[in-house]
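No experiment lies behind these values; they were computed from the predicted model shown. Order of the sequence lines fixes the chain letters, A, B, ..., with proteins taken first and strands second; residue numbering starts at 1 for each chain.
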Amino acid sequence: MLTINLIREKKELIIERLKIKNFDAEEIITRILALDLSRREIQSKAESLQSDMNRMSKEIGALMKEGKKAEADSTREKTSWLKEEVRSLNDKILPIEEDLKKEIIRLPNLPHISVAPGYGADNNVKVREGGTIPILPDSALPHWDLIKKYDIIDFDLGIKLTGAGFPVYKGKGAKLERALISFFLDKAVFAGYTEMMPPIMVNEDSGFGTGQLPDKEGQMYNVGLDGFYLIPTAEVPVTNIYRDVILSSDQLPVKNVAYTPCFRREAGSWGAHVRGLNRLHQFDKVEIVQIAHPDNSYIALEDMVRHVESLVSELGLPYRIMRLCGGDMSFTSSLTYDFEVWSAAQKRWLEVSSVSNFESFQANRLKCRFKEKGEKQTRLVHTLNGSALALPRIVAAILENYQTENGIKIPAVLVPYTGFDIIT
RNA sequence: GGAGAAAUGGCAGAGCGGUCGAAUGCGGCGGUCUUGAAAACCGUUGUCCGCCUAUCGGUGGACCGGGGGUUCGAAUCCCUCUUUCUCCGCCA
């Protein structure tokens, strides 16, 4: 959510910058400014009358004490119309504020200056790449065949228990999953992140804080009876830890990491390219989150990108880092880097991580602020997060890229975690 | 699930219709003292919104778990929701 101050002061700049995201903000901003103005006018009026009321109430109190009942009563009579007036003005403010908020939350975050215009994945910019693309024999299998061949992930069983997109990991498949989670967590803790185990259901306030609600309601599973939502990513609980919090500048940056299962309804997104592990309703992910000083948030972003890069690189997966264009970036993001790994049997790139700086956009929804040491003024923090990493596609890439005639080899860094070096 | 009690500033804890944004203690910040530190003493100490102001700041309004109500006036009374604690029941 952009701040009302920014909208008041930098209207033209916002309109310009949002064009990069192919968003026409002009009409919305015009409405916002009009609502803002009328809100302030009414508020001023109401508050000055309220001030009169407060003064008269005190007078009545004083008169009663002195025993001047008649004078107190005459003052009391005078307050009645004021009371009406204040009430009717305040009643006008509420719906205006609601409308104002409704309009403001429709504005996407401003893209960073380095973000290129564009409409989709084709306009993303390749920043770096690494690793070597393996050449597999013609007999190489896609991962959905490999998991059957080695009996390590069972989709049919998941369908029986829950439904499509809820796989059951079995034997060495389950162990590989757990090994990856441990590996990712250990790496993050070593890099200075604090491990968290948050709830995987959140309330509505949390959903609003990170931007899933109210618009992306259909993406999350709703536990109707209790009004909770299953988290689509650990970003939601871990970032919302700092909702309504004022940090001191020497606590920044806050660096947290969490493993959680993630749940996504993925309504309407099924089709080609979603076979096997490519898209699931429930999957495992390790997420890193930083709360940063606004002056340093792009250093933090770079730091996170390097961290994620070290993970894919140590797993020996061919990868590339893409800077998303305006049209491919999320509503809430200022700058996003996507990590893609090469899936050797599908012969395509799979997105395994998305690392973003939200600047103060989430912080404003969260009311997460900080104070510079010794200063009175509060400022909004910057929030960042990134997958480090999302498991299913990493598993898919490992299975495909590391397949041999004798079985699937396990990347060397994982062997201490799995306890085996080949799946047969 | 049943029966009671409670929710106040960073923390602890008073207040239970008017002078309360809120005593007191601790903590934090600034100062005096000291070679330095501690102790002691003095001062200061929240958030949001509006208006005025180039800035420092001034001024008005709101905030005592959330929401609603009674009243000229609510931290204080009433309703409701949430959370916590105690006892009983159930239970990984």
Inter-nucleotide P distance (B:A40, B:U84), Å rounded:
39 Å

**Report entry** B:G65 and B:U76, which share atom name C1', separated by this distance in whole Å
**Finding:** 16 Å

B:U83 -> Watson-Crick or G-U wobble partner, both distances under 3.5 Å, gives B:A6

Ranking B:G61, B:C72, B:C51 by distance to the side chain of A:Ser44, first place goes to B:C51

What nitrogen or oxygen pairs link the protein and nucleotides 65-68 of chain B at under 3.5 Å?
none

Note: for A:Ser51 and A:Met56 on RNA chain B, the residue whose nearest nucleotide lies more 5' is A:Ser51

Rounded to whole Å, NZ of A:Lys371 lies from P of B:U47 at a distance of 4 Å

| said: Using the C1' atom as the point on both nucleotides, what is the distance between B:A14 and B:A75, in whole Å? | reply: 12 Å

Across every strand shown, the nucleotide meeting Watson-Crick or G-U wobble geometry with B:C33 (both distances under 3.5 Å) is none

Between A:Asn203 (side chain only) and A:Ser206 (backbone N and O only), is there a donor and an acceptor less than 3.5 Å apart? yes

Notebook entry, point to check: Honestly, is A:Arg178 close enough over A:Tyr417, meaning NZ or CZ under 6.0 Å from the six-membered ring centre and within 45° of the axis?
Noted result: no

Q. Quantified in whole Å, what is the C1' atom distance between nucleotide B:A92 and nucleotide B:G21?
A. 47 Å

### Query
Should A:Tyr193 and A:Met304 count as side-chain neighbours, where that means a heavy-atom distance under 4.5 Å?
yes

Review point. Which is true for A:Arg369 with a 4.0 Å heavy-atom rule: it touches a base, it touches only sugar-phosphate, or it touches nothing?
Key: sugar-phosphate

In Watson-Crick or G-U wobble terms, with both distances under 3.5 Å, the base opposite B:G17 is none

Among B:G18, B:G50, B:U70, the one nearest any side-chain atom of A:Glu47 is B:G50

In terms of ring plane angle, is the pair A:Tyr221 and A:Phe166 parallel, tilted or perpendicular, where the classes change at 30° and 60°? tilted

On RNA chain B, more 5' by nearest nucleotide between A:Asp36 and A:Gln377 is A:Gln377

Exercise. Determine the Euclidean distance between corresponding C1' atoms of B:C90 and B:G13; express it in Å to zero decimal places.
Key: 37 Å

